[in-house]
Amino acid sequence: MKWTTDNMDPQDGRTFVITGANSGIGLEAARALGAAGAHVVVACRDTAKGEHAVAELDGDFDVRRLDLADLASVRGFASELEGDVDVLINNAGVMAVPRGRTADGFEMQLGTNHLGHFALTGLLLDRLRDRVVTIASGAHRFGRMNFGDLMSERHYQRWLAYGQSKLANLLFMQELQRRLETADSSLRSVAAHPGYAATNLQSHTGNPVQSAVMWVANHVIAQSDQMGALPTLYAATQDIPGDSYVGPDGFLEQRGHPTLVGRSGAAKDAEAANGLWELSEELTGVSFPLAPATA
C-alpha cells in the first residue's frame, strides 16, 4: 500500500511542535496535521510569515518565534511554551549557504541544523510524550564528522558543511534513542528525509547561479512539497520503532511514498554519535536528563 495522508489516523487532542513550519515540507506537515485535528505549534523566525502561512489552513495553530541560530531564542521559546508536547518535529534548516556564524559563533549550517535542534530537544524533553522526529537528508551520505575542525574554521566548503550537519542529525537521532532506551523511557527518536522536494530551501543558498540551477531542477525533477512532507508525517504518526529512518520509496529515494530506508555506515557510528552528543552538550550548555548509553 502506498501511504498517504488518507491513511493517517485522527490526531485530535495531540500537540505537535514543528520548527520551520512557515514554508516547505514543514508547512505541508502542519497543514495535514491541523486538518487531522492536531494542535500545531508553528515555530519560525518570522512570526508574520508564519501567521500568513497558516491563516487559511484548517486547524488549530499557534505561531511562536524561534531562531535556531540563536540559543537565547531557543531557550526563550522553550520557557514560554506551555503544556506537554506529543511530537517534536525538528524540521527547520539551511542548505549550502555561504560561510556564516550563528549568534553563538557556530558555523551556520551545523549550528542551525543540528545544535539548535539539539538544544531545543533537551529543553523540551521532560514535556515530550511520544517522539522526536529529526529531518535529515540524503546529503548525509557525503557528510563526514570533522571533529578536528567541526566549525569549518580552517576550510569551508558549503556542501561538505551541509552534509556534515545532516549526518549530525542522524547521529543525534540514533544517540537520543539509545539514551532513551537506557533510561527505560517510552519516548522514541526517529528520523525522516523528503527526497528531492520542491521547496524554497533550494533558492536561498546565497549563490545566484546555484540557486538558479536548483530552481530549474525544482520544476523539472523534484516532487511536490506535499509529497516531500509524507515521510515526515509517516515518521510522526505511525507506529515505527525508535531509530527508524523514513524516506521516499522511489529511485535513489528521491521521490515516492514513505517507507523505512537505510543510511550510511557513518550514520551508524556509535562512537561518533556519543562523541557528538557530549560535544553538543558542551557547546550548547544543554544537558539531557538521561543516562549515557553504552556503546
Side-chain angles (χ1 to χ4, degrees), residues 1-44 53-54 57-62 64 66 68 81 83-93 113 117 120-121 124-125 127-137 166 169-170 172-174 176-177 180 185-195 197 199 224-249 253 256-261 263:
M1 184 181 68
K2 298 291 187 179
W3 192 89
T4 72
T5 53
D6 291 337
N7 307 115
M8 189 168 67
D9 292 334
Q11 300 297 313
D12 302 84
R14 287 165 61 79
T15 296
F16 292 74
V17 172
I18 311 177
T19 67
N22 59 302
S23 64
I25 63 171
L27 177 59
E28 293 307 318
R31 182 196 306 275
L33 291 167
H39 171 63
V40 182
V41 179
V42 174
C44 56
V54 304
L57 300 188
D58 179 22
D60 178 18
F61 300 96
D62 180 13
R64 299 289 186 97
L66 171 65
L68 290 161
L81 188 67
D84 292 339
V85 175
D86 292 283
V87 181
L88 169 62
I89 302 178
N90 290 325
N91 164 80
N113 298 349
H117 282 128
L120 178 65
T121 305
L124 293 180
L125 192 67
R127 285 182 274 166
L128 297 179
R129 294 293 172 260
D130 182 2
R131 72 189 76 181
V132 178
V133 181
T134 300
I135 305 305
S137 165
K166 294 289 100 179
N169 287 153
L170 286 176
F172 165 61
M173 181 275 289
Q174 172 185 282
L176 176 58
Q177 178 62 30
L180 289 169
S185 171
S186 62
L187 291 177
R188 72 187 92 174
S189 173
V190 298
H193 80 87
T199 71
S224 68
D225 49 4
Q226 291 94 338
M227 284 295 295
L230 290 182
T232 297
L233 291 164
Y234 189 94
T237 64
Q238 300 305 291
D239 187 16
I240 58 176
D243 197 30
S244 293
Y245 188 30
V246 181
D249 63 359
E253 300 174 15
H257 294 262
T259 189
L260 297 185
V261 298
R263 53 192 189 266

Checklist line | Any side-chain heavy-atom pair of Gln174 and Ser189 under 4.5 Å | finding: no
Notebook entry, point to check: Would you call Arg14 and Asp130 a side-chain contact if the rule is heavy atoms closer than 4.5 Å?
Noted result: yes
Check: Which pair of non-hydrogen atoms, one from His39 and one from Asp62, has the smallest distance, and what is that distance?
Finding: CE1-CB, 3.7 Å
Item checked: Taking every non-hydrogen atom, the tightest pair across Ala235 and Ala191 -> CB-O, 4.2 Å
Notebook entry, point to check: If you round to the nearest 0.5 Å, how far is CG of Leu230 from OG1 of Thr4?
Noted result: 7.0 Å
Check: Quick check: does any side chain N or O of Gln238 sit under 3.5 Å from a backbone N or O of Ala236, one acting as donor and the other as acceptor?
Finding: no
Next item on the list: Please round to the nearest 0.5 Å and tell me the distance separating atom CG of Asn169 and atom NE2 of His193.
Entry: 12.5 Å
Note to self: Between Asn91 and Ala21 (side chain of the first, backbone of the second, donor and acceptor by atom type, cut-off under 3.5 Å), is there such a pair?
What the structure shows: no
Check: CG/Leu176 to CG/Leu125 distance, rounded to the nearest 0.5 angstrom?
Finding: 7.0 Å
Check: Under 30°, 30 to 60°, or over 60°: which ring-plane class applies to Trp3 and Tyr234, parallel, tilted or perpendicular?
Finding: perpendicular
Item checked: Straight-line distance of Leu88 CG to Arg127 CZ, nearest 0.5 Å -> 11.0 Å
Check: Regarding His257 and Asp249, is there a side-chain donor-to-acceptor distance under 3.5 Å anywhere?
Finding: no
Note to self: Give me the atom names and distance for the closest heavy-atom approach of Pro194 to Pro231.
What the structure shows: CA-CG, 4.4 Å
Notebook entry, point to check: Going by distance alone, is a donor N or O of one side chain under 3.5 Å from an acceptor N or O of the other, for Thr121 and Asn90?
Noted result: yes
Check: Where do Ala229 and Ala29 come nearest, in terms of heavy atoms and distance?
Finding: CB-N, 4.0 Å
Notebook entry, point to check: Any salt bridge between Asp239 and Arg131, counting N to O under 4.0 Å?
Noted result: no
Next item on the list: Report yes or no: does Arg188 contribute a side-chain atom to a donor-acceptor pair with the main-chain N or O of Ser244 at less than 3.5 Å?
Entry: no
Margin query: If you compare all heavy atoms of Thr19 against all heavy atoms of Ala92, which two are closest, and at what distance to 0.1 Å?
Written below: OG1-N, 2.8 Å
Notebook entry, point to check: Just wondering, do Leu57 and Val40 contact through their side chains at under 4.5 Å, heavy atoms?
Noted result: no
Checklist line | Side chain Asp86, main chain Arg129, donor-acceptor under 3.5 Å | finding: no
Next item on the list: Step by step, work out the side-chain contact (heavy atoms from CB on, under 4.5 Å) result for Leu66 and Leu120.
Entry: CA-CA 10 Å; Leu66 171 65; Leu120 178 65; 4.0 Å; yes
Item checked: Minimum heavy-atom distance Leu187-Leu180, with the two atoms named -> O-CD1, 3.8 Å
Margin query: Please report the interatomic distance CD(Gln11) to CG(Leu233), rounded to the nearest 0.5 Å.
Written below: 9.0 Å
Next item on the list: Give a yes or no answer on whether the side chain of Asp225 reaches the backbone of Ile25 with a donor-acceptor pair at less than 3.5 Å.
Entry: no
Margin query: Thr232 and side chain to side chain contact (heavy atoms under 4.5 Å, CB included): which single residue from Val246, Ile18, Ile135, Leu33 fits?
Written below: Ile135
Item checked: Residues His117 and Thr134: side-chain donor-acceptor under 3.5 angstrom -> no
